[in-house]
Amino acid sequence: MILIVCLDERGGMMFNNRRQSRDKAVIERIAEIVQSSKLWLNSYSQSLFDQSAISLEVDDNFLQKAGQGEYCFAENISPVDLAEQIEKIYIFRWNRHYPADFCFNLNLAAYKLIAQSEFAGNSHEKITLEVYEK
Amino acid sequence: MKRTKSLLLSLLLLLLLLVSGCSDSATAQNENNSDNINPPTITSELTLDDDGKNASEKYQNVANAQEEQGSITDSAEQKQPSELSQNTFSLADVPAYNGKAYVAINNNEPFFSQADYTTQSFERYSSLDSLGRCGVAFANVGKDIMPTEDRGDISSVTPSGWKNKNYGDLIDGGYLYNRCHLLGFQLTGENANEKNLITGTRYLNIEGMLPFENMVADYIKETDNHVLYRVTPIFEGSNLLASGVLMEGHSVEDEGEGISFCVYCYNVQPNIILDYATGESYAEGASEEAKDETSSNTNQPVAAAPTPESTPTPEPEPTTPAGTPVETPTQTADYILNTNTHKFHYPDCSSVKSMKESNKEYFTGSREEIINRGYDPCGRCNP
């Protein structure tokens, strides 16, 4: 599986069961990454892609169901238990600090940073996209 | 005659009902006031004022604009928000600081009442009390009241408890206190509004309040929705330094799906002991003599906290009370540093006007400090 996540500058993902942040530019980038493939996600994340043409596969157990080479967008779920199956990770970093009570806990030491780029978001001055591969 | 009698009786009954109603309402109000902030604070005694010119003008401008656009459809939307009348927050319920800058209160459910919710932006600030302390600041933040210009200088405001000291390497940036916006600048664009600035530690500002302001600001920019947002400084007794702030936020149009929180942020600074009565401070492990110089209303020593990552304007106090671990510069002033050209200027220098905000660093301190950082004085204003 190819995992896509958004993190704040301390690895935070959620606070009080709500995403820390969002940006229309990130949705556009995800569309560019996924292209015509489908994107697995759960019902919580679905509304983020309401205006997007991405083909969605909504399932609350999507991490378990996604196959090799398939894209998964995770916001409120830990991928740690399925670390073995994660071939590639796209991390969008907000470069800001938000409150957090749910953080990304996958150890990136097992992955290699293969690409890094920055772009301006809609509401974020600078978003960093990092790509990791096993 | 009979008709007159009946009319008189009706009037009497009406009068009785009115008196009874007022009495109930007054009782309820008093109960609320006494229950709201227990044990301490003065906030229940405060009433919200429209902020002198800015807030009321903004409020009016927004209202006018919305009326013109026909977006005010319900008179209920125009009513004023409740203050802390529904609030049952008690400082006694807040756990002692244990290394985390904020803690969820009331299961992260804000204390707003249904009547507070509106799709009309507003911002309201409390008048300072007799001790010069801020009270609750309340807003319904929408894009229309968010700032369109860069932040200005706020150093003209001296909030209660402002006894700043430079602790050198103990605190990122050196200085203990920041002038903390109750309603963050990025939300309502208030600069040197004394009703919106409290003395807060750098830790409160950066680790406690800023993350919530960031979250709310981004959400509004992305959705164009409103967030009902209230910040209440909590003062115990007649303390001049707030113990912390209660922060509440709830997104309006999606009924809290995007934003909902109720947290208490601690006004503490790792490794520093604060005297909340006065704002004086000393470093943990400072000499007994230094401790004696400060009065007894101090916080508990705290565990190490993460190093703050950003750099808001440090705002020093030129005095150097006993026990200060780092000697404070004797001659300080406000300067603007150009991080691109490495020149420094007086704030009113004409070069500052043409400087990109991203290149500006607001600095208060001595000329020598800036020069030691590798900056040269501007040839125009010759600071």
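So you know, we letter chains A, B, ... as the sequences are listed, proteins then strands, and number each from 1.
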Item to check | side-chain hydrogen bond (donor to acceptor under 3.5 Å, both in side chains) between A/S21 and B/D218, intermediate numbers included | outcome: CA-CA 6 Å; A/S21 195; B/D218 290 356; 3.1 Å; yes
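Under 4.0 Å is where a charged nitrogen must lie from a carboxylate oxygen, and between A/D23 and B/K221 no such pair does. Using a cutoff of 4.0 Å between basic side-chain nitrogens and carboxylate oxygens, B/E207 and A/R10 are scored as salt-bridged.
Of the inter-residue distances, the one linking A/R19 atom CZ with B/E257 atom CD reads 8.0 Å to the nearest 0.5 angstrom. One finds the OH atom of B/Y219 at 16.0 Å from the CD atom of A/Q20 (value rounded to the nearest 0.5 Å).
Using modelled atom types and a 3.5 Å distance limit, the side chains of B/N214 and A/H97 yield no donor-acceptor pair.
Remark: A/N61 CG is packed, more than 12 non-hydrogen atoms of other residues, nucleotides or ligands lying under 6.0 Å away. In this structure, B/E255 places its CD atom where only 12 or fewer heavy-atom neighbours from other residues, nucleotides or ligands lie under 6.0 Å away. No more than 12 heavy atoms of other residues, nucleotides or ligands lie within 6.0 Å of CD in A/E125, so this atom counts as exposed by the packing criterion.
Nearest heavy atom pair, residue B/P211 against residue A/P99, reads O-CD, 3.1 Å. When all heavy atoms of B/E222 and A/S123 are compared, the pair lying nearest together is OE2-OG, 2.7 Å.
Interface remark: B/I259 contributes backbone atoms only to the contact with chain A (heavy atom separation under 4.5 Å).
Proximity of a side-chain donor or acceptor of A/R18 to a complementary backbone N or O of B/F261 within less than 3.5 Å is not detected. Of the possible polar contacts, one joining the A/N16 side chain to the B/S260 backbone as a donor-acceptor pair under 3.5 Å is found.
B/F212 has its ring centre no less than 6.0 Å from the ring centre of A/Y98.
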